[in-house]
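Take a look at the structure set out below.
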Amino acid sequence: MASNLAAPREPDRLPEQELRRLDAWWRAANYLTVGQIYLLDNPLLREPLRIEHVKPRLLGHWGTSPGLSFIYAHLNRVIRMQDANLIYVCGPGHGGPAMVANTYLEGTYSELNPEVSLDEDGMRKLFRQFSFPGGIPSHAAPDVPGSIHEGGELGYALAHAFGAAFDNPDLVVACVVGDGEAETGPLATAWHSNKFLNPSRDGAVLPILHLNGYKIANPTILARIPDAELRALFIGYGYEPLLVEGHEPDAMHQRMATVLDQAMAQIRNIQAAARAQQPAAQARPRWPMIILRSPKGWTGPKQVDGLKTEGFWRSHQVPLSGLADNPEHLKLLEDWLRSYRPHELFDAAGAPVAEIRATAPVGARRMSASPHANGGLLRKALQMPELGEHAVAFSQPGTVKAEATRVMGDFLRAVMQANAQARNFRIVGPDETASNRLQDVFKATGRAWMETILEEDTFLARDGRVLEILSEHTCQGWLEGYLLTGRHGLFSCYEAFIHIIDSMFNQHAKWLDASREIPWRQPIASLNYLLTSHVWHQEHNGFSHQDPGFIDVALNKKADIVRVYLPPDANTLLWVTDHVLRTWDRINIIVAGKPPLWQWLPMEQAARHCQAGLGVWEWASNCGDSEPDVVMACAGDAPTLETLAAVALLRQHLPQLKVRVVNVVDLMALQPSQIHPHGVSDARFDALFTIDKPVIFAYHGYPWTIHRLSYRRTNHRNIHVRGYNEEGTTTTPFDMTVLNGLDRFHLVQSVIEWVPQVGAAGAALHRMMQDKLAEHSAYVRVHGQDMPEIRDWRWNAIDQGALE
């Protein structure tokens, strides 16, 4: 297709020596990539290729690899010539073999994996480990030096790249976007990240859209639309697109070098101009991006079995199959490998020749050795404010109301201020910071915004450290990139819609899990979620906003990766927030409400309770040191409120009943200690929940979750859980609990049903509760609000127990 995209200026021709270097590196990387894909056991082809030399498992991917190595070689030239600080984000999904090949040529791979040495034996090991049992994946996984993006699931490369660039003023992130990946929703939205990148304080992202024309078996959209539309698309996104197109290597090297120099010059000019002025005076610049058109499977077999392969989708995976049964395919593979002239690229011992070694940058300037791509090397602990300065003060439970997340917001404001100089903490979220009552952070910083700011706008700032975009995918990608390059952050989101990034959460959990097994990968700050506007407080939004199931998604991951916290009030939320911001290599999920609710624990007691993860609330219980008749357990702010209201009813109407109240803050404490590090021992669990008494458990989410966590415990058969049963509508918060059987009246009935010794008094109370449920149903549908006894309920601290 003829191009009318913006062409670069006429190139200053590369010196012949530099052209030879680039081409040699590229050929060597391609040779190593093919050797991995076919598990080659004859590294230097000193003899004709035989079938015992190859064991293709149809797991390699060739189609995008030559383009990835072409880009890598040219970025290395830029680094050497300009002493640039670059990292490489590889978006195409199965770019693993190309990335491994380039990091091997740089020497980093062998430094970190000495057994894969820069000689013939090491090259053989390099080939034989790829996509092989006990080996390495086909993606740019944590095993690959220099990688912060695996690419197994497409769509997140660009968001990761921008996350890496925020608050990294000297870093340039080269992000290769495959044209198949460019069709995903997350990637399409991530192009807008340039509206948040401040050239005064942030680094730069250089997107490189690699158009090789095809996905697995179909053409790609962006490779087929008219060039005028393609150019207009990226100009509309706010970029200056530059074109590199062709298939003849020498001409492509010349053009790519010119375009990269032009793009880097534009980046430096943008940054220099911005850094010479006050940030508030800056407007959004038009950043460069590169569109690289090259054939799919470039330099591979042009035809296989008479069918077009290079420049077509057939080159996507392994172009040559059935080698054991097809001598012609084996000969094609040998010719393909020899076309790279390996005898010119590797010496007699199998090491890259001096010309190739001289092409690599040195030390930490190698993209595979950059500390930014191993962010734990750069991670510094946050400066944390004193918790007591932000605590809600009171002396008796249930005497003060507070908005838990508003209190948290003031604490996060102090975190922002304490780390303002370091600029290593950000909050991300989909336009919900204020909605989630965290708006006090705007006393310390604004929302990042590089577009027009109107006089009437509030809290928009060129150098803001709160990132809001109505795309949960982009928020997640930004924060992951930020964490993976050594910084800290928090993702605030409505509980129901965090599901949008379920699969991104899964991928990050897998990354953390795999990284722990790699000695040279250093721990990064934890990924922290605040999930609020939760299921029990969606009275005006209704059923669509009522879903607590992200907890269940998280529990599918390995126990030592995930933590789930359900703080019942503001002070416990404060302690948990402080705790998670100090952790590393975890995914911490905090679920907390934002409406004004009764407060239960002063700060000192909240700290002890949270450190334990769960415990008896003696002030709410009436059994003392004796065995209770029933255990009333709760996890979550709404379930805690309803449990305490139910306990008050029981103590009023069945005063002889001995009740123990157990509150759970750390959900993982319910698991046995041998399964989860936060789990309590069987002896401790039995002491809390007894070995044979009924346990009525009011839980924030789906009831089965509690059974899943506690099924190995002695008294599991007596644990009866009430929670969210997928019943919802637009209604009052209390009516939501009634619809799902989590309310105080149903909880009282459960106690009576499972504690038979309450006798006639219990039967009378059961009927009374049924009448109350009918009264509530009639009242709420006439008045549109809960009954006064619900709205005005409070814990009677004098009659029902006081704090010690």
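Count residues from 1 along the sequence.
The structure places CG of L483 at 5.5 Å from CD1 of I524, a figure rounded to the nearest 0.5 Å. The OG atom of S131 sits 8.0 Å away from atom CG of L39, with the distance rounded to the nearest 0.5 Å. For the atom pair CG (L118) and CD1 (I356), the distance works out to 11.0 Å, reported to the nearest 0.5 Å. Between L86 atom CG and N76 atom CG the span is 9.0 Å, to the nearest 0.5 Å. In this structure, the separation between OG on S147 and NE2 on H160 is 10.0 Å, given to the nearest 0.5 Å. In this structure, CD on E240 lies 8.0 Å from CD on Q262, to the nearest 0.5 angstrom.
The pair R50-E334 does not count as a salt bridge, with every side-chain nitrogen at least 4.0 angstrom from each carboxylate oxygen. Salt bridge status for K215 with E181: absent, with no side-chain N to carboxylate O gap under 4.0 Å. D227 and R231 are not joined by a salt bridge, as no carboxylate oxygen comes within less than 4.0 angstrom of a charged side-chain nitrogen. Taking the charged nitrogens against the carboxylate oxygens, D41 and R128 do have a contact shorter than 4.0 Å, which makes a salt bridge.
L14 pairs in a side-chain contact (heavy atoms from CB on, under 4.5 Å) with only one of the listed residues (R20, M256, Q254), which is Q254. I87 pairs in a side-chain contact (heavy atoms from CB on, under 4.5 Å) with only one of the listed residues (L171, N168, L75), which is L171. Looking at R366, H74, M367 one by one, the single match for side-chain contact (heavy atoms from CB on, under 4.5 Å) with I79 turns out to be M367.
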Test S294 against H210 for side-chain hydrogen bond (donor to acceptor under 3.5 Å, both in side chains), laying out the working first.
CA-CA 8 Å; S294 65; H210 185 203; 2.9 Å; yes

If you apply the rule salt bridge (Lys or Arg N to Asp or Glu O under 4.0 Å), what do you find for E153 with K510, and how did you get there?
CA-CA 12 Å; E153 181 175 340; K510 291 175 186 293; over 6 Å; no

Evaluate side-chain hydrogen bond (donor to acceptor under 3.5 Å, both in side chains) for Y31 paired with R338, printing each intermediate quantity in order.
CA-CA 9 Å; Y31 181 83; R338 292 191 186 279; over 6 Å; no

Passes side chain to side chain contact (heavy atoms under 4.5 Å, CB included), R201 versus R423? Steps please.
CA-CA 9 Å; R201 297 183 179 273; R423 292 188 68 86; 3.4 Å; yes

I'd like to know whether L292 forms a side chain to side chain contact (heavy atoms under 4.5 Å, CB included) with L209, so could you lay out the CA-CA distance, the side-chain angles of the two residues, the decisive distance to 0.1 Å, and finally the verdict.
CA-CA 6 Å; L292 171 64; L209 176 63; over 6 Å; no

Go through the steps to decide whether E106 and Y72 satisfy the test side-chain hydrogen bond (donor to acceptor under 3.5 Å, both in side chains), and finish with yes or no.
CA-CA 11 Å; E106 285 183 324; Y72 206 105; 2.8 Å; yes

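Between the side chain of T359 and the main chain of E355, a donor-acceptor pair closer than 3.5 Å is present. Side-chain atoms of R27 do not come within 3.5 Å of backbone N or O of P342 as any donor-acceptor pair. No donor-acceptor pair closer than 3.5 Å links the side chain of H53 to the backbone N or O of L40. The backbone N or O of P142 lies less than 3.5 Å from a partner atom in the side chain of R521, making a donor-acceptor pair. For the pair Y104 (side chain) and M99 (backbone), a donor-acceptor distance under 3.5 Å is absent. A donor-acceptor contact shorter than 3.5 Å links the side chain of S193 to the backbone of A190. A distance-only check finds a donor-acceptor pair linking the side chain of E248 to the backbone of D250 [under 3.5 Å]. Under the 3.5 Å distance criterion, the side-chain polar atoms of D347 are matched with a main-chain donor or acceptor of A349. Of the possible polar contacts, one joining the N374 side chain to the W520 backbone as a donor-acceptor pair under 3.5 Å is found. At least one donor-acceptor pair closer than 3.5 Å links the side chain of R77 to the backbone N or O of A257.
Donor-acceptor pairing under 3.5 Å is lacking for the side chains of N30 and W298. Defined by atom type and a distance below 3.5 Å, a donor-acceptor pair is present between the side-chain atoms of H94 and S138. Side-chain atoms of R268 and Q271 form a donor-acceptor pair, as typed in the model, at a separation below 3.5 Å. No hydrogens or angles considered: a donor-acceptor pair under 3.5 Å links the side chains of Y340 and T299. A donor-acceptor pair shorter than 3.5 Å cannot be found between the side chains of T103 and S368.
Ring geometry, W336 versus Y38: the interplanar angle exceeds 60°, so the pair is classed perpendicular (tilted spans 30 to 60°).
Counting heavy atoms of neighbouring residues, nucleotides and ligands inside a 6.0 Å radius, atom CD1 of I216 does not exceed 12 of them. Atom NE2 of H343 sits in a crowded spot, with more than 12 heavy atoms from other residues, nucleotides or ligands closer than 6.0 Å. Shown here is Q421, whose CD atom has no more than 12 heavy atoms of other residues, nucleotides or ligands within 6.0 Å. No more than 12 heavy atoms of other residues, nucleotides or ligands sit less than 6.0 Å from atom CD of E328.
Side-chain contact between N85 and V172 is absent, with no heavy atoms from C-beta onward closer than 4.5 Å. The shortest distance between side-chain heavy atoms of Y88 and V173 does not fall below 4.5 Å. Under the 4.5 Å side-chain criterion, counting only non-hydrogen atoms from C-beta, R426 is not in contact with L479. A 4.5 Å side-chain heavy-atom check between E480 and W511 finds every atom pair outside the cut-off. Contact check for D202 versus F162: no side-chain heavy atoms found under the 4.5 Å cut-off. For the pair L158 and P207, the minimum side-chain heavy-atom distance is below 4.5 Å. Annotation: side chain of D143 is not in contact with side chain of V100 (no heavy-atom distance under 4.5 Å). Counting heavy atoms from C-beta outward, R293 and N212 have side chains that stay 4.5 Å or more apart.
By the 6.0 Å and 45° rule, R487 stacks over the aromatic ring of Y482. For the pair R286 and Y239, the cation-pi test (distance below 6.0 Å, angle within 45°) is failed.
In this structure, P92 and T64 approach most closely via the heavy-atom pair CB-OG1, 4.0 Å. Here the shortest heavy-atom pairing between L105 and A29 reads CD1-N, 3.7 Å. The nearest pair of heavy atoms linking M123 to G350 is CE-O, 3.4 Å. Closest heavy-atom contact between A165 and L197: CB-CD1, 4.0 Å. Across all their heavy atoms, I148 and A373 have their closest contact at CG2-CA, 3.6 Å. T485 approaches H372 most closely through the heavy-atom pair CG2-O, 3.0 Å.
Aromatic pair H253/W26: ring centres closer than 6.0 Å.
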